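All of these numbers come straight from a predicted model, not from anything done at the bench. So you know, we letter chains A, B, ... as the sequences are listed, proteins then strands, and number each from 1.
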Amino acid sequence: MNQTPLYNLHLKYKAHMREFSGWQMPIYYTGIIAEHKAVRQKAGLFDISHMVRLKIEGIGASDLVQRLTTNDVSVLKTGDIQYSLVCNQEGNILDDILVFSLDDGYLLVVNAGNKQTVLSWFKKWAGQAEVKDISNQMSMAAIQGPISQIILQKLIDINLSSIKYYHFTQEKIAGITGFISRTGYTGEDGFELCFASEKAKTLWLALLSAGKDYGLQPIGLGARDTLRLEAALPLYGHELSTQINPFEAGLERFVKLDKGDFLGRRSLIEVKKVGINRKLVGFEMIDRGIPRAGYTVSKDGKHIGQVTSGSFSPTLDKNIGMGYVGTGYTHEGCEFEIEIRGKSTGARVVKTPFYKKSGEGGKKEEY
Amino acid sequence: MYPTDLKYTVTHEWAGIEEKTGIVTVGIGEYAVKQLSDIVFLELPAVGDKLKKGEPFGAIESVKAVFDLNSPVTGEVVEVNQALSDNLDLLQTDPYGQCWMVRIKAENQEEIQALMNAGDYEDFIKKGQGKH
């Protein structure tokens with residue numbers, strides 16, 4: 001079982017540790033709900049070192065990334081970040097990733113559970129480009145929540161307001177050089193930091209100490225999951241898999257069919273032409289019950305889909321979920337039933353994200 | 001450390017036995033509550049439901065997961081603490097008293113005798129055999 005460089009610190013903070021994608025990770029420290037609320041109201045610190053970091057460089061780096069991802073990397077300038085998908089030739093999703101555009105190539109942040117798949121996929125198509133796994137040398141932390149900028153600003157010289165959403169810069173944080181990106185997986189403002197692993201403990205402690213008077217606390221993967229669910233962000237292995245294509249997942253805005261050839265393009269053009277039979281929706285429970293991944297969705301006794309994620313939502317104080325249902329059942333207000341322990345339990349399709357941070361208005365951020 | 005007037009199951013339910021009537025009051029103990037953390041949902045049976053020893057009579061859910069509540073005895077549900085669902089926080093402070101979940105009219109006194117007493121249960125937990 002893998003341990004991040006922060007493993008001993010997690011134990012010191014009395015984290016409840018559990019296996020996640022081959023890693024011993026903190027699930028919670030004090031409690032999932034309390035940690036969830038801390039991130040919504042103040043700020044929280046996450047160890048996300050289990051994520052995979054790949055560096056793509058050398059001649060042909062752009063061609064490789066362009067060929068293996070669905071979004072268009074040709075529009076990226078140094079300092080830009082792009083959300084993208086890696087699809088197989090059938091147009092189904094191998095992973096969802098972040099692409100950082102560097103001076104000399106790309107940094108890809110890949111899901112821990114898909115490390116082998118994505119690494120061998122990129123190596124297979126690499127040609128002259130170099131594909132390096134730098135996951136061990138580099139670690140990652142995220143600071144998320146409405147006051148994360150105020151806290152992080154104490155440790156950094158540049159004005160953080162200059163880093164816009166889905167952009168990054170290379171700077172010193174508490175004297176430690178690393179990547180600082182305005183990204184996250186919580187639906188809140190915040191930053192993700194990528195830095196040399198031997199500095200992980202020093203940086204973590206510096207962040208906690210800078211945020212002490214602001215209520216910054218470490219947050220486990222349990223709250224990370226409920227936070228991303230409220231923000232309706234997909235999780236690989238739940239909303240995304242090799243059985244799902246980007247159109248079904250509602251991620252077509254990250255698929256640029258006219259950018260030139262890429263793996264999966266031919267199949268995806270076909271999917272677009274023929275249309276899809278099922279689509280990802282968000283729903284809330286009308287009746288008492290918590291939807292969970294794998295539960296059956298039905299309408300008048302007929303099987304129409306499956307739940308991919310579900311939980312009690314601490315912010316909304318409701319039970320919510322996401323799942324794939326037949327395309328006739330995706331409109332807002334559509335009611336169906338979730339089979340919970342043999343009981344048909346009423347649910348209703350709602351607009352996603354379930355939760356939107358204040359000040360965001362009605363606008364959907366394009367990234 | 002665990003109330004000595006109660007009996008316990010390997011899945012951390014407690015059972016309070018009223019010898020005169022054969023009515024068994026059931027809830028979950030402190031150990032299970034701690035393991036669950038963030039309890040957000042409780043599903044209990046209806047009065048009149050027939051239960052079998054070791055089989056689920058309901059479910060309790062944390063933010064992350066679902067856990068079965070297993071009946072310590074075979075019998076019929078004679079009373080259900082419906083109010084508990086709206087006061088799940090009480091489980092954190094006193095899982096034994098007002099946090100009872102169901103009362104069961106036990107069919108078989110031998111099943112009751114087979115449950116662990118507080119001392120055995122404490123040893124059982126120390127050995128790390130907790131299922132929840």
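- Taking a 6.0 Å sphere around NZ of A:Lys37, one finds it holds 12 or fewer heavy atoms contributed by other residues, nucleotides or ligands.
- Of residues 3-15 of chain A, not one residue has a non-hydrogen atom less than 4.5 Å from any non-hydrogen atom of chain B.
- Remark: A:Arg341 CZ to B:Asp68 CG distance equals 8.0 Å, nearest 0.5 Å.
- Enclosure of atom NZ in B:Lys53 by more than 12 non-hydrogen atoms of other residues, nucleotides or ligands within 6.0 angstrom is indicated.
- For a heavy-atom cut-off of 4.5 Å, chain B lies close to A:Ile27, A:Tyr28, A:Gly31, A:Ile32, A:Ile33 in residues 25-33 of chain A.
- Annotation: the span from A:His16 atom NE2 to B:Lys64 atom NZ amounts to 14.0 Å, rounded to 0.5 Å.
- Contacts between A:Arg288 and chain B at a heavy-atom distance below 4.5 Å involve backbone atoms as well as side-chain atoms.
- No more than 12 heavy-atom neighbours from other residues, nucleotides or ligands sit within 6.0 angstrom of CZ on A:Arg18.
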